[in-house]
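Being a predicted model, the structure only gives us computed values, none of them experimental. As the structure lists them, so they are numbered: ligands from 1, and atoms in each ligand from 1.
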Amino acid sequence: MKRRNFLLAGAASTLGVAFLGTQSLYANDIFEEERAFNIPPLYEGEVVNGKRIFNLELQRGEMEFFKGLKTQTIGINGAFLGPTLRAKKGDFININVKNSLGYDSTLHWHGFELPARMDGGPHQIIENNTTWKPEFAVTNRASFLWYHSHLFHQTGNQVYKGLAGMFIIDDDESQKLPLPNEYGIDDIPIVLQDRNFNSDGSFRYISSMPEVMMGLHGNYVLINGVIAPTFKAKKKLTRFRILNGSNARFYMLGFSDYRKFKIIATDGGLLEKPVSSKQVRLAPGERVEIVVDLNDGKDVVLKSFKGATSQNMGMMGMMMGNMGFDAEFDLMKIKAGEAKSSGTDVPSVLSIHPKWNPKDARAGRDMVLSMGMGMMMGGGNSNGDRFFINDKAMDMNRIDVVAKKDTFEIWKIINKSPMSHPFHIHNTQFKILAINGRHPNAYEQGFKDTVIVDPMSEAYVMLSFKNYSDNKIPYMFHCHILEHEDRGMMGQFLVT
Ligand code: C2O
Ligand code: CU
Ligand code: CU
C-alpha cells in the first residue's frame with residue numbers, strides 16, 4: 001500500500017470515531033514518504049523613525065497536509081500559522097493587524113510584559129475589515145514567545161485552524177553568548193500542534209463531550225504545519241526552540257536513541273545554567289529551548305514518550321490512557337549525515353537571574369481550578385460552562401483580582417480536578433517557588449508564564465507586575481487547554 005493511501009485510510013478512519021484507541025498516533029513507517037521540514041519565514045519588520053513596524057494580515061487559506069486533499073485554514077500573512085517575528089529588547093514596536101477573515105478575531109502577545117490595552121486578549125476585538133494597531137516597548141529579556149487568537153469562546157477554534165505564530169526576542173546578553181543563533185540554520189523554531197481530519201481533508205474540531213472535557217487531542221501532529229517532516233541538520237550543534245501550540249495535548253519530548261540534550265531556556269528565556277536531560281515535559285502554551293549534539297552523524301527521531309499526562313489520576317487517568325492521550329509517538333526525523341561541525345559547546349553559564357525574595361510579596365492569592373460535577377452527563381452552570389477558577393466561570397464584566405503596579409505577589413494555584421492544567425498568566429514572567437509538593441527541578445527554575453499543575457496538587461508562583469497600570473482594562477489568567485479556557489477556566493486581573 002502506498003504511503004498516501006495509508007494516510008488517507010488513517011484520516012478516513014477517524015470519521016465518526018472520536019478517539020484513537022490504544023495504538024500509537026500513526027504507523028511506524030510515517031517517515032517513509034519524506035516530507036520537507038518547514039521553516040516559517042522570519043519577519044523582522046521595518047525600522048521607521050526609530051520604531052519597528054510589522055504589518056500582519058489575518059486571512060483565510062488552504063493547505064494540503066495530505067497529498068491531493070485540501071484543508072481550509074486560517075493564517076497570518078499566509079495560509080496557515082504566521083511568520084516568526086523578531087525584535088530586540090529596547091525596541092519600540094508598532095504592529096498593524098488587519099483582519100480579513102470575514103469574522104471577529106484578536107491577536108494576543110503571549111509572554112509579553114505590555115500595557116493591558118495592547119495585550120490582544122478578549123477585550124481587544126479586531127472586527128472584520130478593520131486594522132488594530134498595538135504599540136509597545138519590548139521590555140522582556142531574550143526569549144521565545146508567541147502570538148495567537150484569544151477571542152472569547154473561540155480561541156480553541158481559531159488557533160486550531162491556524163491563528164498562531166512565533167516571536168523571538170533578542171537582547172545584548174543573548175547576542176553575546178556563543179549559542180546556535182542563526183535562524184533556520186542552527187536555530188530552528190518548532191511549533192507542535194495535533195489535529196484531527198475528516199476524510200475530505202477538512203479539520204475536525206470538537207465533536208463529543210469527552211473532547212471538551214479532556215481538550216481536543218488529534219491523531220496527527222503538525223510540526224510547523226507539516227506531518228512528520230524530515231529535518232536535514234546543517235550544524236552538529238543545533239538549537240530547537242519548541243512551542244507547544246496544541247489545544248490540549250501534553251508532550252514528553254525526547255529522542256529515539258535516548259540521547260541527552262541540553263535545556264537552555266524556558267518560557268521567559270535563558271536559564272542560569274544549561275540542564276542536561278533525556279526528556280522534557282511540555283504543556284500547551286509552554287516553550288522550551290534545547291541544544292542537541294549531532295556529532296555522531298546518526299539519524300534520530302524527536303518523539304513524545306509516555307508520562308506526558310499525569311500518571312496518578314484514577315478513573316480519568318485510565319480513561320485518558322485508554323484513549324491514547326498518553327501514547328508514545330514520533331514527531332520528526334533529524335538527518336545529521338551532512339551536518340557541519342560547529343565552533344563551540346554550550347557555555348556553562350547562560351545568564352544571571354535577579355534573586356526575588358518571597359518575603360517581598362505584597363499579596364498572596366489562591367486560585368482553585370475545578371471542573372463541573374457530572375461532566376460526562378453534560379453538567380455545568382446555566383451557560384454551559386464546566387470549568388472554574390475559584391468556583392466561577394469567566395465573565396468579561398467581572399474583575400477577579402486587582403494587583404498593584406511594581407509589586408510582587410505569590411499565587412497558589414490549586415488543582416482540585418482529576419486532570420493536569422497548564423496555568424498561564426498574562427503580562428508577567430514568574431518564578432515557580434514550589435510545585436506539586438516539591439522544589440522546582442533545575443529546568444523549572446527559569447522564568448515562566450505557564451505552569452503545569454497536576455491533579456489534586458498545587459503550585460506556588462511569585463509574580464512581578466512592572467511598568468504598566470490601567471484602572472479599567474484587565475489582563476487574563478487561565479488554563480491553556482483551550483477547550484477549558486473557552487468554557488470558563490479563565491479570570492481577569494487589573495494592575496493599578
Ligand atoms: Cu497564550 Cu491568554 O494566552
Ligand atoms: Cu498569554
Ligand atoms: Cu485545564
Of all N, O or S atoms in His108, the one closest to the Cu ion (ligand 2) is NE2

Between [X] and [Y], does at least one N-O distance fall below 4.0 Å, as a salt bridge requires?
X: Glu289; Y: Arg241; result: yes
X: Arg386; Y: Glu485; result: no
X: Asp172; Y: Lys88; result: yes

Strictly under 2.8 Å, is any N, O or S atom of [X] next to atom 1 (Cu) of ligand 1?
X: His148; result: yes
X: His480; result: yes
X: His424; result: no

Please state whether the separation between the Cu ion (ligand 3) and some N/O/S atom of His480 is under 2.8 Å?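 Of the N, O and S atoms in His480, none lies under 2.8 Å from the Cu ion (ligand 3), which means no.
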
Taking N, O or S atoms only and a limit of 2.8 Å, check whether His150 reaches the Cu ion (ligand 2). no

His110 near the Cu ion (ligand 2) via N/O/S, less than 2.8 Å: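 No, outside the cut-off.
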
Give, for atom CD of Gln154 and atom CD1 of Ile125, the distance between the pair rounded to the nearest 0.5 Å. 11.0 Å

Rounded to 10°, how big is the angle at the Cu ion (ligand 3) from His484 ND1 to Cys479 SG? 130°

Could you identify the N, O or S atom of His110 positioned closest to atom 1 (Cu) of ligand 1?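 Looking at His110, the N, O or S atom with the least distance to atom 1 (Cu) of ligand 1 is ND1.
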
Verify whether one side chain among His148 and Gln158 offers a donor that lies under 3.5 Å from an acceptor in the other.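 Short answer, no.
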
Determine the interplanar angle of the Trp109 and Phe167 rings, folded into 0 to 90°, and report it as parallel if under 30°, tilted if 30 to 60°, perpendicular if over 60°.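 Ring orientation, 0 to 90° scale: perpendicular.
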
Test Phe136 against Phe92 for ring pair (Phe, Tyr, Trp, His ring centres under 6.0 Å), laying out the working first. CA-CA 6 Å; Phe136 50 90; Phe92 194 87; 7.8 Å; no

Shortest-distance N, O or S atom of His421 relative to the Cu ion (ligand 3):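 Minimum-distance N/O/S atom of His421 relative to the Cu ion (ligand 3) is ND1.
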
